[in-house]
Amino acid sequence: MKQEIQVALEWLLALESEGYEGALVGGAVRDLFLGLPITDVDIATSAPLEVILSLWPAAKPVGKPPLQTALLQCGKVPVEFCSYCGFSLDHDLARRDFTVNAMAMTRLGTLVDPMGGEKDLTRRRLRFNGKAANRLDEDPVRAVRLFRFAATLPLFTVAPDSESACRDPGLYRQIEKMPGERIGREVTKALEGDICLFLDMLNGTGLLGAILPELEGLKGIEQDPEKHPEGDAFLHTRLCLNLVQKLTPDPAVRAAALLHDVAKAGYVPQEAGHPCFEGHEQAGADIVREITRRWAWPQELAETVTSLVRWHRLPCAPWPDSGVARQIRTRGGEWLERLFILGYADVLAGSGRLMPWMENRARALAALFRLEQAGRLVDGTEVMEILGLTGGPRIGEILEQLDEAVARGEISTPAEARAWLILIRDRH
Ligand code: ATP
Ligand code: MG
């Protein structure tokens, strides 16, 4: 058995020895039945928080009273102890979101299933626990969770009455008011599964604009039919996401595909009939920074997604004269891989003309190889010595220009770098 479950069962025994009840609940029970990896374990218990904290002094209280829980680490798996919400385990289970999340298992393997989770789990059905409208009224984010579970639990479908409850027109405004952090958590999880299905369910129930108005805004944004025979900017995004999902499980690339064209909503049509989207990658990066902040995404993920959106035109646009070597130097080969996967899907979701992508791929690989082989040919001190400078931003600019020359294959040794610096000095 999975080691963390074994440890959790020992902890249940410790609770029982003190005269309390305890059981595994929620996702861990569901995933045990489905044979999925356990990412976190929840234990519901009749013991109050003080008792849990005295039994496990290393446990950290989280949340605000009266909804405080105690968090303990079991290897890499977090285990959360929650005192019963209600008077008993059955009460506690009745308050959970979906039937398949409302099952418990005792230390000796007895399944506690007052809400019919087992039946739904067998059919791979996602269904709100009890009356769907009530569940959504208590917590509107459950609609987003429903779509997230549909996107991540293999072969699960949503019960029709649960889906139709999400079409309630009042729900939109309620979800809009929910903390962005909770939405961001569900989106992050959905990115690991069928993110396209997640998008389709949000869109199909009319709730997309409540969590991602930026994407809703792409509907009806006309594009050059030569470059985008597929249709408007929203359809393009949907198609690009679908392709990226097939190409990579990487959540950062998937998120970048979802958000790569968000800035297109801000462009107005020209006389020709469709807008010119010049600079939409820079504007998009600013919007994506805001979205990832709203969603409280971890810094590293937010930064990667933002940079991928910022540079998403690189794989298929005319190669820029400056700026690229620095990106490649600081972000490295892995970032480039991600960018070109995104770019590939972006092209295929539009014109399908891959030749510029191929040419830029060759350029980018050559630049990467050259920069990695060369390392730093000269350092800042040497630049200052040769140019007679004492400091300032000019040093960084010169080093960047040098990297550009290295990336183009014009300079590859320290001697060539010094000769190039002398040439610059003598020009001024
Ligand atoms: P995963 O860990 O993959 O996200 P999970 O089912 O463990 O799946 P969590 O968000 O960790 O999901 O929540 C743990 C359990 O707590 C759920 O299985 C469910 O029983 C309950 N739960 C979580 N969020 C809600 C909610 N908004 N409303 C009601 N019950 C919830
Ligand atoms: Mg969980």
Side-chain angles (χ1 to χ4, degrees), residues 2 4-5 8 22-45 62-63 67-86 89-105 111-118 120-121 124-154 156 158 162 165-166 171 174-175 177-195 198 211 251 295-296:
K2 294 172 177 98
E4 43 290 344
I5 294 295
L24 304 179
V25 286
V29 178
R30 179 200 70 217
D31 291 345
L32 264 177
F33 273 89
L34 294 173
L36 295 173
I38 308 288
T39 51
D40 54 39
V41 174
D42 291 300
I43 291 177
T45 173
V62 289
L67 294 173
Q68 252 182 334
T69 61
L71 197 63
L72 198 59
Q73 207 63 29
C74 173
K76 283 189 184 151
V77 174
V79 177
E80 201 163 343
F81 289 87
C82 322
S83 305
Y84 286 160
C85 184
L89 181 59
D90 278 10
H91 269 113
D92 181 290
L93 294 173
R95 291 179 188 212
R96 291 174 181 267
D97 45 9
F98 307 107
T99 55
V100 294
N101 284 354
M103 299 188 295
M105 188 160 251
L111 181 69
V112 184
D113 179 29
M115 310 309 294
E118 195 182 15
D120 283 334
L121 191 123
R124 296 188 182 251
R125 274 266 136 138
L126 282 164
R127 184 192 306 280
F128 283 111
N129 205 4
K131 201 161 181 306
N134 293 350
R135 291 289 88 82
L136 285 169
D137 222 28
E138 288 157 6
D139 179 10
V141 177
R142 288 175 184 161
V144 185
R145 283 176 65 80
L146 177 68
F147 307 151
R148 185 265 280 193
F149 281 118
T152 51
L153 292 177
F156 270 69
V158 173
S162 291
C166 295
L171 192 57
Q174 285 178 284
I175 292 182
K177 285 186 254 160
M178 289 292 116
E181 191 179 340
R182 291 194 63 201
I183 305 293
R185 182 173 180 268
E186 299 306 326
V187 178
T188 316
K189 295 214 170 191
L191 285 167
E192 288 170 15
D194 188 343
I195 181 67
F198 179 73
I211 74 157
W295 286 348

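In each ligand, atom 1 is the first atom listed, and ligand 1 is the first ligand listed. As the structure is a prediction and not an experimental result, all values here were calculated from the model.
Annotation for ligand 1: atoms under 4.0 Å from non-hydrogen atoms of R182 are 27 (N). Taking every heavy atom of R95 and a limit of under 4.0 angstrom, the matching atoms of ligand 1 come to 29 (C).
Judged by distance alone, the side chain of R142 and the main-chain N or O of R135 form a donor-acceptor pair under 3.5 Å. Of the possible polar contacts, none joining the T152 side chain to the G193 backbone as a donor-acceptor pair under 3.5 Å is found. Panel note: side chain R124, backbone P154; a donor-acceptor pair is recorded below 3.5 Å. Listed for the N129 side chain is a donor-acceptor partner under 3.5 Å among the backbone atoms of L93. No donor-acceptor distance shorter than 3.5 angstrom exists from the side chain of N101 to the backbone of G26, with no hydrogens or angles considered. D113 places a side-chain N or O within donor-acceptor distance of the main-chain N or O of E118, the cut-off being under 3.5 Å.
Of the protein's heavy atoms, R30 NH2, 3.3 Å lies nearest to atom 8 (O) of ligand 1. For atom 27 (N) of ligand 1, the closest heavy atom belonging to the protein is D139 OD2, 2.7 Å. The protein heavy atom nearest to atom 23 (C) of ligand 1 is R145 NH2, 3.1 Å. When hydrogens are left out, the protein atom nearest atom 28 (N) of ligand 1 is R142 NE, 2.8 Å; that is the closest non-hydrogen contact. For atom 18 (O) of ligand 1, the nearest protein heavy atom (residue, atom name, distance) is G27 N, 3.1 Å. Shortest contact from atom 1 (P) of ligand 1 to any protein heavy atom: K189 NZ, 3.3 Å.
Of the heavy atoms in R185, only side-chain atoms (C-beta onward) come closer than 4.0 Å to ligand 1. Of the heavy atoms in F149, only side-chain atoms (C-beta onward) come closer than 4.0 Å to ligand 1. Contacts of E138 with ligand 1, taken as heavy-atom pairs under 4.0 Å, are absent altogether. Both the backbone and the side chain of D97 come within 4.0 Å of ligand 1, counting heavy atoms alone. With a 4.0 Å cut-off on non-hydrogen atoms, R135 does not touch ligand 1 at all.
Put simply, the side chain of F198 does not reach to within 4.5 Å of the side chain of L191, judged on heavy atoms. V100 places none of its side-chain heavy atoms less than 4.5 Å from the side chain of F149. Side-chain contact between T99 and L121 is absent, with no heavy atoms from C-beta onward closer than 4.5 Å. D97 places none of its side-chain heavy atoms less than 4.5 Å from the side chain of D139. Two residues are said to be in side-chain contact when any heavy atoms from C-beta on lie closer than 4.5 Å; F147 and C166 meet this criterion.
Excluding waters, the set of protein N, O or S atoms lying under 2.8 Å from the Mg ion (ligand 2) comprises D40 OD1, D40 OD2.
Taking only nitrogen or oxygen atoms, main chain and side chain alike, G26 does not reach within less than 3.5 Å of ligand 1.
Shortest non-hydrogen contact noted between V62 and E80 is CG2-OE2, 4.2 Å.
For the residues D42, T152, N101, the heavy atom positioned nearest atom 14 (C) of ligand 1 is part of D42. With distances taken over non-hydrogen atoms, the option nearest atom 16 (O) of ligand 1 out of E192, R96, R148 is R96.
The number of heavy-atom neighbours closer than 6.0 Å to CD of E181, taken from other residues, nucleotides and ligands shown, is 12 or below.
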* Show the numbers, then the answer: is there a salt bridge (Lys or Arg N to Asp or Glu O under 4.0 Å) between D42 and R96? => CA-CA 12 Å; D42 291 300; R96 291 174 181 267; 5.4 Å; no

